[in-house]
Amino acid sequence: MSVGADSTFDTVLVVDFGAQYAQLIARRVREAHVHSEIVPSTMPVEEMLAKKPKAIILSGGPSSVYAEGAPNVGAELFETGVPTFGICYGFQAMTRALGGTVAKTDLSEFGRTELRVTGADSLLFTGLPDEQPVWMSHGDSVIEAPAGFRAVATTAGAPVAAFEDTDRRLFGVQFHPEVLHSEHGQEVLRRFLYEGAGCRPTWTMLNIVDEQVARVREQIGDKSVICALSGGVDSAVAGALVQRAVGDQLTCVFVDHGLLRKGEAEQVEKDFVAITGARLKVVDAEERFLSALAGVTDPEEKRKIIGREFIRVFEQAAREVVADGGDGNEVEFLVQGTLYPDVVESGGGTGTANIKSHHNVGGLPEDLQFTLVEPLRELFKDEVRKVGEELGLPPEMVWRQPFPGPGLGIRIIGEVTRDRLEILREADAIAREELSHAGLDRDIWQCPVVLLADVRSVGVQGDGRTYGHPVVLRPVSSEDAMTADWSRVPYEVLAKISNRITNEVREINRVALDVTSKPPGTIEWE
Ligand code: XMP
């Protein structure tokens, strides 16, 4: 997308020092309605300048500035006249490059820390409280600001916790303004962007759609592309976006693996097609998936099987799309609704462990024949929803709860069978209906209903003793699924759900509530 002085929006470069922070900073910049682009810290300064940035942000990083191989920043970056904001590692790298002092103090700070603003009328903190909680993660500290800078905040472990040089328009903070635990962090960032760098708040979701549409068009050219619709928000938005970019070069394939929730297959088969005009091929593969899953109880094995079958069915569907006529081109590309948190959790970010093989990233077979198109890879869930709204998808689709690709298959603890799926589907539909009815859809991130299929307990229903299964309700609130807390759903709503499930689903005689945050629990049980 063209960027320049005459552009309707300004661009901020977020220099990535190799941790997870750069994406979150980029997201916060977007939230301030400014366009951001992440660039590696190895990019030469001239190349950065060629992008005509209105501002530069140096992100946090995992390492000490003294660590061997720590990414370096030369002083030339600060002589360009482009307003620059150093965060955490970026703050320390900036200090060193400009002749200040970074040293080990005895007090490392990790987590919530009290920040005291010391600089009267500082540009970064004007209008904000003198004492504020911030999120820290550092061993080394800046003990002396470089010449020309004014120290404007301090903490117990960081003598200089923020500094600024308003003449040269250079700023820095030791804490992480991008995380929500830094209560006024977003405001500090906004003050840098608007007051420090003069950025205009003109970047919108519409721009994001245009940018992604242009990128997808460029990647796919005149080739054919296939999209895996899962029934979830991510694949629906990714599909709608690619449809907008390349129209009929796209064929959507919906593999009904029999692990979906009640009503979801219909939503894809009817609503999605009606709204986007996309060409859709439905493959009924329930039998195939259930046979492949027969006797399997291990969750990772289930995921691998589902992922593998999924791709096999796709490859077959792709061959059929070509044989059907389509546009006659070999299908080269496969759209995936991978989001940024999926990339991180599957170990795709730098320095993160493989927590779980999300089947839309980690579990693809090695002989995969497609090149992936992942237009949502840099976005977080709530941003994807906004993109979906911008593309005209209806609220029921855009505001659906996140649902894992392997579907109800991983919400049955124990072997997956048709009967068990039927039981869980009914219970899940009741929980969703009651939560929606209570107006809680937008407060609750998602509420998996988990069937403990191998557990039975004694109960009494009607006149008789029962020996039924429990289900667990797992309502959570979250911003991006990377961390979550259990939702305080009103007792009356829980009572209604519990009553209805035990009355309407014969095989279930107990409803339990999960009150664990993430971490230590994950959202799904598996
Ligand atoms: P966990 O259980 O890891 O889940 O806390 C985090 C979020 O990811 C969803 N999830 C998945 N989404 N494919 C997906 O597209 C998957 O394999 C998958 N596994 C978990 C989960 O529902 C939650 O929103």
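Quick caveat, the model's predicted, so the values are computed rather than measured. What's counted below: heavy atoms across the whole structure, side chains too, no hydrogens, waters or symmetry copies. Quick note: residue numbers are just sequence positions, from 1.
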Asker: List for me each residue that meets side-chain contact (heavy atoms from CB on, under 4.5 Å) alongside Ala55, sequence neighbours excluded, and say none if there are none.
Answerer: Val12, Phe192, Ala197, Cys199
Asker: Write out all pairs satisfying side chain to side chain donor-acceptor pair (under 3.5 Å) with one or both partners inside residues 118-137, taking only residues at least two apart or from two chains.
Answerer: none
Asker: Kindly write out the residues that satisfy side-chain contact (heavy atoms from CB on, under 4.5 Å) with Gln267, not counting sequence neighbours, or none if the list is empty.
Answerer: Asp271, Glu396, Met397, Arg400
Asker: Sequence neighbours left out, what passes salt bridge (charged side-chain N to carboxylate O under 4.0 Å, His left out) with Lys381? Give chain and number order.
Answerer: Asp234
Asker: Quick one: side-chain contact (heavy atoms from CB on, under 4.5 Å) partners of Ala97, sequence neighbours excluded?
Answerer: Phe78
Asker: Checking His33 now: which residues fulfil ring pair (Phe, Tyr, Trp, His ring centres under 6.0 Å) with it, not counting sequence neighbours?
Answerer: none
Asker: According to side chain to side chain donor-acceptor pair (under 3.5 Å), who are the partners of Ser41, at least two apart in sequence or on a separate chain?
Answerer: none
Asker: Please find the pair of heavy atoms, one from Phe314 and one from Ile226, that lie closest to each other, and give the distance.
Answerer: O-CD1, 4.4 Å
Asker: Taking salt bridge (charged side-chain N to carboxylate O under 4.0 Å, His left out) as the test, write out the residues that go with Arg190, two or more places apart.
Answerer: Glu187
Asker: Taking side-chain contact (heavy atoms from CB on, under 4.5 Å) as the test, write out the residues that go with Leu180, two or more places apart.
Answerer: Arg28, Glu479
Asker: With Arg474, which residues qualify under salt bridge (charged side-chain N to carboxylate O under 4.0 Å, His left out), at least two apart?
Answerer: Asp514
Asker: Quick one: list whatever passes salt bridge (charged side-chain N to carboxylate O under 4.0 Å, His left out) with Arg488, sequence neighbours left out.
Answerer: Asp485
Asker: Keeping to residues at least two apart or across chains, list the ring-ring contact (aromatic ring centres under 6.0 Å, His included) pairs with something in residues 143-165.
Answerer: Phe91-Phe163, Phe149-Phe163
